[in-house]
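Read the structure below first, then the notes.
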Amino acid sequence: MSSARNNTLGSTVFQQTLVSSAAFVLVSLALLWVICGGMIWQIDRNQIADIEETMTYAEDVYYGRGLDALIDEEIRDDTDVIWSDDFIFELLEQEQLLWTLRNADYDPVAGFPGLHAEFGFSIVGLDHPEIRQSVRALSRQLRGGDRLTIAAFLPEARANIVAFAQWGSLALLLIVLPLALITGYVLSQRVFQRIEGISATASAVASGEMTTRVAQSPRHDEFDRLGGSINQMLDQVEDLNRSIEDVSVGVAHDLRTPLTNIGGRLELIRRDRSDPQAVETHVDAAEAAQDQLMRVFDALLRLGEVKAGQRKSAFAPVDLSALVADLADTFAPVFADADKHLTVQVQSGLQIEGDQELLQQLIANLLENAVEHSRDAAQAFVTLERADGRIVLKIGDDGPGISPLHRDRIFERFFRADASRGTAGNGLGLSLVQAIAALHQAELALAPDIKGAVFSVLFLPRT
């Protein structure tokens, strides 16, 4: 449990959650103080403007009508010239301004003697036995050495805003941040567990357990989608491994016979080296076996090139109608020699974008398949037409067709049905046809529910 907890705390997910939570709290604190600071600034600005305006008016009265006029009009206000401590409570309740006028010796002349402030603006406390609320004061030197101070109690709204900012900051630091970290830890632990499951699957596959798959939950969330993609990839890898095994077996099977023939002929050459005619016969047979080997290798190389898409750069306009007609004419004598008949119906003027050499290989392989695997006296056919916006090539025969047991595997490399083992070939023809069709974005299919083996290839016409 301790190891899992340490892994969670050290995981990138939790660290990112920690950073995000801290950033969220810091940004929230900054916004809180910016907003509250703006409100406080506005309150202070209005109060300062009010005090300055009052001070300007008081100076005008003082310089225009004298000290007594200032005291009678502004400071006395139907009360004693020197204000008592009790009178300050009334001013606080009514949110009125406080005044203090002192002479050159700093003795109070009028107003509240408990108000002391330096020249200019300042925030000070009152010399009062009960009131502890601060005031904003403006003090100026008047002509003749008199000193006038005007002050206002700091608004209650200002204190409320400051308190709100302080409590809000405390709440963010002591409540929101820990909750965010706890939530982040819980979420990180769940994410970490899902990632650990995927990692465990990858480790199991790496150690050779190819059937292991990522567990799926009923939520179908992003981890399930990722796991599904990984499972699909593993299925493809497993199919690829199986295909490699099949290819290895196929290569071994198809190369064993010609290699055995070559080895046998070499032994016969050694035995019959005194008979030139026999040696020539053995050499011809060995060369034929070598040609069979080279055809297998050439087909594998060609298949590899097509699968890798290396030939796509050579695409150019191809007159498919002319290509199919020429190949059909070429193969017609081959069908005739095999006591089979080939019918050709080609719509003229059908063009596609592609590699002419590869397309020729595709058509030739399908025609060879029809010659080699159709019944005796079979009726084979080739048709090329445009239908439903596609160019459709069909090559087939009226024979017994392909067994349902083998239909799903006929395009696999080196696959040959048992009935075809006795005929020449290497099991790569239809694999190459499929690869060439895929390179040209064409759809290759073995027509279902039709007598005989009929292959259809649907091409996109050239635009």
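- In this structure the side chain of Asp355 never reaches within 4.5 angstrom of the side chain of Leu439, judged on heavy atoms.
- Atom CG of residue Leu32 and atom CZ of residue Phe164 lie 6.0 Å apart, to the nearest 0.5 angstrom.
- Screening residues 453-463 for salt bridge (Lys or Arg N to Asp or Glu O under 4.0 Å) gives Glu353-Arg462 as the qualifying pairs, with residues at least two apart or on separate chains.
- You'll find the side chain of Trp33 reaches within 4.5 Å of the side chain of Gln166, heavy atoms only.
- Residues satisfying the side chain to side chain contact (heavy atoms under 4.5 Å, CB included) criterion with Thr383, sequence neighbours excluded, are Gln345, Phe381, Lys394.
- Formation of a donor-acceptor pair under 3.5 Å by the Ser321 side chain with backbone atoms of Leu350 is found in this model.
- Asn103 contributes a side-chain N or O that, together with a main-chain N or O of Asp105, makes up a donor-acceptor pair within less than 3.5 Å.
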Donor-acceptor pairs under 3.5 angstrom involving side-chain atoms of residues 110-126: please list them, not counting sequence neighbours.
{"residue": "His116", "atom": "ND1", "partner": "Arg102", "partner atom": "NH2", "Å": "3.4"}
{"residue": "His116", "atom": "ND1", "partner": "Tyr106", "partner atom": "OH", "Å": "2.9"}
{"residue": "His116", "atom": "NE2", "partner": "Pro113", "partner atom": "O", "Å": "3.3"}

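- The closest side-chain heavy-atom distance from Trp99 to Leu91 is not below 4.5 Å.
- Once rounded to the nearest 0.5 Å, the distance linking CD of Glu59 with OG1 of Thr54 reads 11.0 Å.
- Taken to the nearest 0.5 Å, the CG atom of Leu458 stands 5.0 Å off from the CZ atom of Arg390.
- Panel note: side chain Asn46, backbone Gln42; a donor-acceptor pair is recorded below 3.5 Å.
- Using modelled atom types, no side-chain atom of Gln360 and backbone atom of Leu323 make a donor-acceptor pair closer than 3.5 Å.
- Listed by chain and number, the residues in a side chain to side chain contact (heavy atoms under 4.5 Å, CB included) with Ser28 are Phe24, Leu172 (sequence neighbours excluded).
- Residues Ile395 and Leu393 are in side-chain contact: their nearest non-hydrogen atoms beyond the backbone lie under 4.5 Å apart.
- Residues forming a side chain to side chain contact (heavy atoms under 4.5 Å, CB included) with Val214 (at least two apart in sequence, or on another chain): Ile198, Thr201, Gln216, Ile230, Asn231.
- Within a 6.0 Å radius of CE in Met39, no more than 12 heavy atoms belonging to other residues, nucleotides or ligands are found.
- Pairs of residues two or more places apart, or lying in two chains, that qualify as salt bridge (Lys or Arg N to Asp or Glu O under 4.0 Å) and include a residue from residues 23-48 are Asp44-Arg136, Asp44-Arg158.
- Remark: the backbone N or O of Arg386 is paired with a side-chain donor or acceptor of Gln347 at under 3.5 angstrom.
- Residues Ile391 and Gln351 have side chains not in contact (no heavy-atom distance under 4.5 Å, counting atoms from C-beta outward).
- Within the 4.5 Å cutoff, the side chain of Leu358 has no heavy atoms near those of the Leu362 side chain.
- Inter-residue side-chain proximity for Asn369 and Phe455 is flagged as met; some heavy-atom pair is nearer than 4.5 Å.
- For the pair Trp83/Glu90, no side-chain contact is recorded, criterion being any heavy-atom separation below 4.5 Å from C-beta on.
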Go through it in stages, so that I can follow the logic: the residues are Val457 and Ile363, the test is side chain to side chain contact (heavy atoms under 4.5 Å, CB included), and I'd like the CA-CA distance, side-chain angles, deciding distance and then a yes or no. CA-CA 10 Å; Val457 188; Ile363 299 166; over 6 Å; no

